[in-house]
Amino acid sequence: MKMTERVPVPEAFVKRLQNQLGEQVAMRLIKSLDGDIHTSVLLNSLKPSPLFQEDHQIPWNMHGRQLRERPVFTLDPLWHAGLYYVQESSSMFVGWILSVLFGDRKDLACLDMCAAPGGKSLNILNHLQGSGILVSNEPVAQRNVFLRENIAKWGAANCLVTKGRPAEIAAMGALFDLVLVDAPCSGEGMFRKDSFAREQWSESLVIQCATEQENILSEAWKALKPGGYLVYSTCTFSPQENEDRLDQLLSFSSAEAVRLEPGVEWNIVEVPTQYGWMYRFLPHLQSGEGLTIGVVRKSGEATNSKLKKPKNLRACNDPEWDHWVKYSDQFQLFSPGSGEEYLLSSSDAVLRVVPLCLENLYVTMPGLHVGTRKGKDLVPGHALAISPYLSDNVRRIPLERSEALRFLRCESVDVPADTKGWYIVTYQGYALGWIKSIPPRVNNYFPREWKIRMQGD
């Protein structure tokens, strides 16, 4: 894919890059910023599928694929079903880092501090495989909306979405085995695909971002357990926003540098800092966009906080739930009020982290939404419909592609004459959402705010 009518790369950026990387490397990188844009996707490990098996696997992520051509994702029902997420291949390096740091450990308490739109959170959820807990935080209201949509589509029952400021999160104490800070930055790594990133860039923006990153990292460090790991990344090349920020962390007496060993053939550049190392993806060396990332460990041994069961959290052991939820005895139900019901996995990590989040943060999505009580009845939620935990007891109606697109446009779909009650509609065997047949009417429960507006098939 090519981007036409690109604005020029800022001259001050070119000069700094020449000083930083040397003229030859800098000019190769800058030339690549006017090259082709590559498309890659992250497959959902919670919903295994045979999608994109003929495409090239991203070397550092078994769930990543670089596509030979870019489909129209909006018109793909399986994208709406949450089987994959469109993500830069460079960002998928987070998945490899988790496997290096934690191996098979999955009952982890994780925090994604600046999470929207959510791609790196999805890498964490792929690693956790339903265990532990992820707090996916985004303080900006509109970005939090996009984050909730992407988390809901993934179908995890071990994730809270929150809208907390860094200081509010830090005030809860050292809770997390992993803190990921994918910080707001000047966006230099996105110059190939984003004209706005070129237009807004300035040397003053770099300084402004570095100041904000310093503040975020200071609070993020307080949220990290002794023995835990902080992963810091930006989509920029500036040393002020990367090496300087990592070294500032490593100047703490409790901070230890972590050196990674990515495959030599991956062409990831190891960048020595004063106290440690960072790893840089350069667009002329990889198919993805620019990224800089590093890891710091907090020294000491972790001590777990006490388990505390929040009120309104109960076992999912009512026989009714067997109709809706697969493996219902492995989950807990959280009822925040107004009839809403959310599913959360049963783990010590949940009981250590969730109560504190509910007490101290604005929680915008407290788990996987399974439905809303209307009197004695349950109106099932869309997140349950497309989750891997939907019970096999729920009746299903398969749709052809044209019918599936009609459903995703929130239009009526045709059903057999004897159909009555709640049904899941599917495409190629994968759930798309709920309908309720009340003959002669069929109500479409696909979320209106997510409906397809693009025409075509």
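- One finds no salt bridge joining Glu219 and Arg165 here, because no Lys/Arg side-chain nitrogen approaches an Asp/Glu carboxylate oxygen to under 4.0 Å.
- Within a 6.0 Å sphere centred on CD of Glu54, heavy atoms belonging to other residues, nucleotides or ligands number 12 at most.
- Atom CH2 of residue Trp201 and atom CD of residue Glu188 lie 6.0 Å apart, to the nearest 0.5 angstrom.
- Side-chain contact between Phe252 and Val296 is absent, with no heavy-atom pair separated by less than 4.5 Å.
- Taking the six-membered ring where the residue is Trp, Phe93 and Trp60 present perpendicular rings, their angle passing 60° and hence far from 30°.
- Within 6.0 Å of CD in Glu261 there are 12 or fewer heavy atoms belonging to other residues, nucleotides or ligands.
- No donor-acceptor pair under 3.5 Å is formed between the side chain of Ser338 and the backbone N or O of Glu340.
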Please evaluate residues Val86 and Trp79 with respect to the criterion side-chain contact (heavy atoms from CB on, under 4.5 Å), reporting the C-alpha separation (whole Å), side-chain torsions for both, the decisive distance (0.1 Å), and the verdict. CA-CA 9 Å; Val86 185; Trp79 177 73; 4.2 Å; yes

Audit row: Gln66, Ser287, side-chain hydrogen bond (donor to acceptor under 3.5 Å, both in side chains) steps and yes/no: CA-CA 8 Å; Gln66 181 180 315; Ser287 60; 2.6 Å; yes

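- Looking only at side-chain heavy atoms (C-beta outward), Phe331 and Leu368 stay at 4.5 Å or farther from each other.
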Check the pair Ser45, Gln129 against side-chain hydrogen bond (donor to acceptor under 3.5 Å, both in side chains), reporting the backbone distance first and the verdict last. CA-CA 7 Å; Ser45 69; Gln129 283 292 295; 2.4 Å; yes

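- Here the shortest heavy-atom pairing between Pro355 and Val350 reads CD-O, 3.5 Å.
- In the displayed structure, Glu199 atom CD is contacted under 6.0 Å by more than 12 heavy atoms of other residues, nucleotides or ligands.
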Begin with the C-alpha distance, continue with both residues' side-chain angles, and end with the deciding distance and a verdict on side-chain contact (heavy atoms from CB on, under 4.5 Å) for Leu108 and His127. CA-CA 10 Å; Leu108 303 167; His127 177 83; 4.3 Å; yes

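- One N or O on the side chain of His80 and one on the backbone of Thr74 form a donor-acceptor pair closer than 3.5 Å.
- Nearest heavy-atom pair, Pro366 versus Tyr342, reported as atom, atom and distance to 0.1 Å: O-CB, 3.3 Å.
- For residues 101-117, the set of pairs meeting the side chain to side chain donor-acceptor pair (under 3.5 Å) definition, not counting sequence neighbours, comprises Asp112-Ser121.
- Looking only at atom types and distance, the side chain of Ser89 has no donor-acceptor partner in the side chain of Gln286 under 3.5 Å away.
- Tyr445 contributes atom OH, which lies 12.5 Å from atom SG of Cys410 (distance to the nearest 0.5 angstrom).
- Thr364 has its side chain within reach of Arg148: a pair of non-hydrogen atoms, C-beta onward, lies under 4.5 Å apart.
- Taking a cutoff of 4.0 Å between a charged side-chain nitrogen and a carboxylate oxygen, Arg198 and Asp34 qualify as a salt bridge.
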Derivation of the side-chain contact (heavy atoms from CB on, under 4.5 Å) call for Leu98 and Leu128: CA-CA 10 Å; Leu98 291 177; Leu128 294 179; over 6 Å; no

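- In terms of heavy atoms, Asp55 sits closest to Arg68 at OD1-N, 3.0 Å.
- The existence of a salt bridge linking Arg406 and Glu403 is excluded, since no basic side-chain nitrogen approaches an acidic carboxylate oxygen closer than 4.0 Å.
- Side-chain contact annotation: Asn61 with Asn123, donor-acceptor N/O pair under 3.5 Å present.
- The number of heavy atoms from other shown groups lying within 6.0 Å of CZ (Phe102) is above 12.
- Residues Ser49 and Leu78 form no side-chain contact, since every pair of their non-hydrogen atoms from C-beta on lies 4.5 Å or further apart.
- Distance alone, capped at 3.5 Å, is enough to place a donor-acceptor pair between the Arg65 side chain and the Met62 backbone.
- Proximity of a side-chain donor or acceptor of Gln213 to a complementary backbone N or O of Pro184 within less than 3.5 Å is detected.
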Check against side-chain hydrogen bond (donor to acceptor under 3.5 Å, both in side chains), Glu241 and Ser186: CA-CA 8 Å; Glu241 299 178 71; Ser186 59; 2.5 Å; yes

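- In this structure, the side-chain contact (heavy atoms from CB on, under 4.5 Å) partners of Gln20, at least two apart in sequence or on a different chain, are Arg16, Leu17, Phe237, Pro239, Arg280.
- By the 4.5 Å heavy-atom criterion applied to side chains, Phe407 and Tyr427 are not counted as neighbours.
- The shortest non-hydrogen separation linking Cys114 to Asp182 is CB-O, 3.5 Å.
- In this structure, Arg70 contributes its side chain and His38 its backbone to no donor-acceptor pair below 3.5 Å.
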What do the steps show when you test Val72 against Met454 for side-chain contact (heavy atoms from CB on, under 4.5 Å), and what is the final call? CA-CA 10 Å; Val72 181; Met454 178 184 289; 3.6 Å; yes

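- Residues Cys235 and Met190 approach most closely at SG-CG, 3.9 Å, considering heavy atoms.
- The two residues Tyr389 and Gly155 make their nearest non-hydrogen contact at CE1-O, 3.4 Å.
- A side chain to side chain contact (heavy atoms under 4.5 Å, CB included) with Ile169 is found for exactly one of Asn360, Leu356, Leu111, namely Leu111.
- Counting only distance, with no hydrogens or angles, the side chain of Lys225 and the backbone of Ala109 share no donor-acceptor pair below 3.5 Å.
- Asn443 and Trp434 share no donor-acceptor pair across their side chains, judged by distance under 3.5 Å alone.
- In this structure, a donor-acceptor pair under 3.5 Å is present between the side chains of Asp76 and Tyr84.
- Between Trp96 and Leu260 the shortest side-chain heavy-atom distance falls below 4.5 Å.
- The shortest side-chain heavy-atom distance between Asn158 and Ser347 does not fall under the 4.5 Å cut-off.
- In this structure, the separation between CG on Asn444 and CD1 on Ile435 is 8.0 Å, given to the nearest 0.5 Å.
- With Gln208 contributing its side chain and Val206 its backbone, the two residues share no donor-acceptor pair below 3.5 Å.
- Residues Leu125 and Ile151 form a side-chain contact, since some pair of their non-hydrogen atoms from C-beta on lies under 4.5 Å apart.
- Between the side chain of Arg192 and the backbone N or O of Gly288, at least one donor-acceptor pair lies under 3.5 Å.
- For Glu400, the CD atom sits in a loose shell: 12 or fewer heavy atoms of surrounding residues, nucleotides or ligands are nearer than 6.0 Å.
- The closest donor-acceptor contact from the side chain of Ser32 to the backbone of Gly35 lies at 3.5 Å or more, if one exists at all.
- Remark: Gln24 CD to Leu29 CG distance equals 12.5 Å, nearest 0.5 Å.
- Taking CG of Leu122 as the reference point, atom CG of Asn44 lies at 7.5 Å (rounded to 0.5 Å).
- Interatomic distance, CD1 of Ile293 versus OH of Tyr232, reported as 11.0 Å (0.5 Å rounding).
- Lys31 places no side-chain N or O within 3.5 Å of a backbone atom of His284 that could act as its donor or acceptor partner.
- With Leu42 as reference, Gln87 is the one residue of Glu88, Lys120, Gln87 to meet the side chain to side chain contact (heavy atoms under 4.5 Å, CB included) rule.
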